[in-house]
A.B. asks: 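Pasting a structure below so you can have a look.
Residue numbers begin at 1 in each chain, while the letters A, B, ... track the order of the sequences.
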2 protein chains.
Amino acid sequence: METDRLDSRKMAILNAIIRNYLETGEPVGSRTISKFTDLSLSSATIRNEMADLEELGYLVQPHTSAGRIPSDKGYRLYVDKMMEDKVEEVNNMKEVLDQKADRIENLLKKVAKLLAVNTNYASMITTPKYRSRKLKFIQLTNVDDEHLLAIIFLEGNIPKNKVIDTDHRYEEEVLLKLNIVLNSLLQDLDLEEINMSIIQKIKDQAGDESTLVGKVLDAIGEAIREEDNIEVYTSGATNILNYPELSSDDSAKKLLYTLEDKQELAELVDNKLSNTGEEHGTGKGDIQVYIGNETPIDSMKNCSVVTATYEIEEGVYGKVGIIGPKRMDYDKVVGTLKTLMTQLDEIFKKK
Amino acid sequence: METDRLDSRKMAILNAIIRNYLETGEPVGSRTISKFTDLSLSSATIRNEMADLEELGYLVQPHTSAGRIPSDKGYRLYVDKMMEDKVEEVNNMKEVLDQKADRIENLLKKVAKLLAVNTNYASMITTPKYRSRKLKFIQLTNVDDEHLLAIIFLEGNIPKNKVIDTDHRYEEEVLLKLNIVLNSLLQDLDLEEINMSIIQKIKDQAGDESTLVGKVLDAIGEAIREEDNIEVYTSGATNILNYPELSSDDSAKKLLYTLEDKQELAELVDNKLSNTGEEHGTGKGDIQVYIGNETPIDSMKNCSVVTATYEIEEGVYGKVGIIGPKRMDYDKVVGTLKTLMTQLDEIFKKK
DNA sequence: TGTTAGCACTCAAGCAAATAGAGTGCTAAC
DNA sequence: GTTAGCACTCTATTTGCTTGAGTGCTAACA
């Protein structure tokens with residue numbers, strides 16, 4: 001790799017090539033650059049420089065007599081450079097988001113849609129990941145002769161309902177007593193802390209109603225696990241069909257499939273991005289850019305993925321991401337994500 | 001339209017043509033049919049018959065020297081005929097569905113996926129439509145110093161939670177009293193029945209707490225409206241890219257967009273399909289088939305849509321649908337939907 | 001030594017003509 | 001009523017040719 005430092009002229013040329021390619025999506029030739037920039041260099045000189053840049057791995061030639069296009073490495077350099085002097089800009093996303101989206105689920109869907117519409121790429125967003133939920137309180141209520149309702153209130157003000165089948169109606173007093181037992185023994189525990197000894201203690205105190213206790217504990221477990229599940233919402237998947245380099249072949253099919261089958265995305269966002277991200281992420285504002293092969297999903301090897309992390313409260317965070325062609329408008333995307341982050345921040349802090 | 005009755009030979013030929021076309025997706029010629037069927041007729045004879053069938057509007061010739069493909073009218077005849085002597089077949093869908101899918105939302109998503117995987121077409125399913133929900137009971141509970149939890153139990157065993165912001169903690173007694181007042185006055189009412197006079201009555205009885213009552217009523221309204229919202233889940237959208245006649249042009253793009261932007265689907269399923277459906281629906285088992293132009297959505301004019309209505313309980317129903325190319329395997333699709341219906345039935349009845 | 005002009009060369013894309021093949025309609029014979 | 005045969009039509013594929021963009025290299029220039 002010899003001297004990987006590029007002199008300023010090479011830098012300028014590379015920059016010009018990338019910018020041009022971002023616009024047109026076509027390989028760009030020496031003559032174009034010779035005119036396009038104000039370097040006042042002839043096409044021949046540019047050609048020499050381009051040959052150098054190719055040798056250094058920043059450019060690629062699709063075939064002998066075509067212009068050059070940026071390699072992943074080229075994009076990488078461009079993006080890193082760009083992020084350094086990115087100015088914060090704020091637009092009016094907030095208005096849209098501020099209209100009360102009571103359930104977080106709806107808010108996230110809205111965000112995804114907003115991003116997709118604004119950028120014209122595909123977007124995804126995950127539900128926030130809690131380390132592990134603790135039980136805040138539980139309450140059993142009669143519904144009718146065959147059903148009890150268990151209201152399970154989890155840390156983070158999350159209420160969950162579970163309907164429990166029963167074979168008879170319970171006396172109010174019994175429920176009241178049970179509620180007290182359950183709450184006094186289970187409060188502020190998470191799944192791991194509810195062990196056999198505690199369970200036994202509850203059953204002892206519950207006396208005749210130990211079957212019911214079993215069902216209730218199952219319900220609690222379910223509720224916590226449910227809330228632990230990360231869900232992914234996507235939007236604008238069809239946008240990628242607007243980019244010829246992605247919509248050809250069946251690569252588009254695979255990509256669309258990945259976006260539809262959130263399963264794959266969920267695993268990914270959770271595990272991989274957070275690890276490999278360190279490497280290339282620029283740190284600033286917690287935005288990460290994955291170019292081409294840097295993304296861990298096969299079907300996205302021809303794409304770039306830009307992700308950001310949002311935080312709902314201390315330690316509770318989720319991921320937002322934009323998926324587009326490698327020649328995506330990084331500038332705009334990063335900008336959009338940054339303003340989104342600040343605005344989400346305000347919304348959450350206020351709540 | 002003269003004598004629209006086809007003799008049995010024409011019928012057999014039309015049938016053979018359609019079957020063949022369903023398989024290959026290519027225009028089918030006279031020679032193919034001459035061999036393919038056991039009518040032992042020469043290609044010339046078939047040609048004559050085909051010319052007749054074209055004149056009658058059951059077949060279409062893409063261009064002079066190509067074979068014939070079925071017209072919408074041709075498909076229509078085929079489907080109607082097929083539905084008459086369709087045998088009920090039951091397969092093992094049930095196993096998949098039976099694993100407790102506690103929340104109906106998850107069940108529906110599962111169903112959509114199941115259909116898409118089984119048929120290789122796109123599928124959609126709506127949440128069930130209730131006429132209007134009545135309030136079964138409501139219960140207020142303290143969460144902490146700034147929040148109350150309202151558990152709103154709706155007709156149909158649907159629990160909803162609403163967190164209400166407050167400026168202080170309420171005494172347990174106050175809440176208890178309020179619970180009683182609310183329940184005694186609101187039980188079994190739907191949104192329309194909760195009028196100003198009732199609201200006033202509650203506020204009178206609540207005394208000092210009338211601000212809280214206002215918030216609670218808002219929460220109830222929200223809960224009921226939320227549950228009234230029809231949502232649509234789709235699956236297998238990318239399957240349609242497997243059918244060349246749909247994936248070409250940007251017709252695929254539009255179709256995919258329609259499937260992604262559920263909004264459009266929701267309106268449609270709700271309004272249009274249920275009306276125009278009568279016309280062509282074959283009644284039996286409540287399955288309706290819309291071929292090509294019969295569908296009310298523009299982006300689906302090149303597709304066929306098969307829908308079925310499922311019933312959760314008396315008067316509470318939703319729609320399931322399959323979207324595929326006109327040459328879809330109607331036989332299989334209708335069969336699959338029928339078994340799905342019976343199995344959903346069993347699941348719901350058991351609950 | 002860096003820059004530039006010029007030229008030969010390469011390759012993809014577009015175009016037109018040629019070809020092959022599938023399928024038809026019609027006529028005449030069975 | 002059925003069939004064989006034939007001329008005809010039209011699409012899809014192949015082929016060769018041309019065009020133009022772009023390159024690399026060399027030689028001349030400042």
A.B. asks: Please tell me if A:S30 has a side-chain N or O lying less than 4.0 Å from either OP1 or OP2 of D:dT23.
C.D. replies: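 The answer is yes; a side-chain N or O of A:S30 sits under 4.0 Å from OP1 or OP2.
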
A.B. asks: Between A:K113 and B:D261, does any NZ, NE, NH1 or NH2 come within less than 4.0 Å of an OD or OE carboxylate oxygen?
C.D. replies: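 Judged by the 4.0 Å cut-off on N to carboxylate O distance, B:D261 and A:K113 do form a salt bridge.
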
A.B. asks: Would you classify A:S43 as touching base, sugar-phosphate or nothing, given that sugar-phosphate means primed atoms plus P, OP1 and OP2, and contacts are heavy atoms under 4.0 Å?
C.D. replies: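 Result for A:S43 = nothing.
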
A.B. asks: I'd like to know if A:R76 pairs up with A:D80 as an ion pair, taking the criterion as any Lys NZ or Arg NE/NH1/NH2 lying under 4.0 Å from an Asp or Glu carboxylate oxygen.
C.D. replies: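 Between A:D80 and A:R76 there is a salt bridge, with a charged N closer than 4.0 Å to a carboxylate O.
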
A.B. asks: Tell me yes or no: between the side chains of A:S299 and A:T258, is some donor less than 3.5 Å from an acceptor?
C.D. replies: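 Checked: A:S299/A:T258 side chains pair up, N/O donor to acceptor below 3.5 Å.
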
A.B. asks: We want to know whether B:N118 and B:K332 form a side-chain donor-acceptor pair, criterion being a heavy-atom distance below 3.5 angstrom.
C.D. replies: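 No, no side-chain donor-acceptor pair sits under 3.5 Å.
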
A.B. asks: Using a 6.0 Å cut-off, check whether atom NZ of B:K10 has over 12 heavy atoms from anything other than its own residue.
C.D. replies: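 Check passes, neighbour count above 12.
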
A.B. asks: If we fit an axis to the first five pairs and another to the last five of the helix from C:dT1-D:dA30 to C:dC30-D:dG1, what angle do they make, to the nearest 10°?
C.D. replies: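 Axis angle across the helix from C:dT1-D:dA30 to C:dC30-D:dG1, nearest 10°: 20°.
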
A.B. asks: Which nucleotide in the list C:dT3, D:dA21, D:dT3 gets nearest to the side chain of A:R9?
C.D. replies: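 That would be C:dT3.
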
A.B. asks: Between the base of D:dC10 and the side chain of B:T64, is there any donor-acceptor pair under 3.5 Å?
C.D. replies: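 Checked by distance alone, the answer is no.
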
A.B. asks: Each nucleotide N or O in nucleotides 27-30 of chain D that has a protein N or O under 3.5 Å away: list the pair and distance.
C.D. replies:
none

A.B. asks: Taking A:R327 first and then A:E23, would you say they form a salt bridge - that is, a charged N and a carboxylate O separated by under 4.0 Å?
C.D. replies: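 So A:R327 does not pair with A:E23 through a salt bridge.
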
A.B. asks: Give each protein N/O atom lying under 3.5 Å from an N/O atom of nucleotides 24-26 of chain D, with the pair distance.
C.D. replies:
{"residue": "D:dG24", "atom": "OP1", "partner": "A:R68", "partner atom": "NH2", "Å": "2.9"}
{"residue": "D:dG24", "atom": "N7", "partner": "A:R47", "partner atom": "NE", "Å": "3.1"}
{"residue": "D:dG24", "atom": "O6", "partner": "A:R47", "partner atom": "NH2", "Å": "3.3"}

A.B. asks: Quiz question: by atom type and distance under 3.5 Å, do the side chains of B:R47 and B:S30 form a donor-acceptor pair?
C.D. replies: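 Yes - a donor-acceptor pair under 3.5 Å links their side chains.
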
A.B. asks: With a cut-off of 6.0 Å (strictly less than), are more than 12 heavy atoms of other residues, nucleotides or ligands near NZ of A:K301?
C.D. replies: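 More than 12 within 6.0 Å, yes.
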
A.B. asks: Does B:K262 NZ have over 12 foreign heavy atoms under 6.0 Å away?
C.D. replies: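 Enclosed.
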
A.B. asks: Determine whether the side chains of B:S304 and B:Y330 contain a donor N or O and an acceptor N or O closer than 3.5 Å.
C.D. replies: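 Indeed, the side chains of B:S304 and B:Y330 share at least one donor-acceptor pair under 3.5 Å.
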
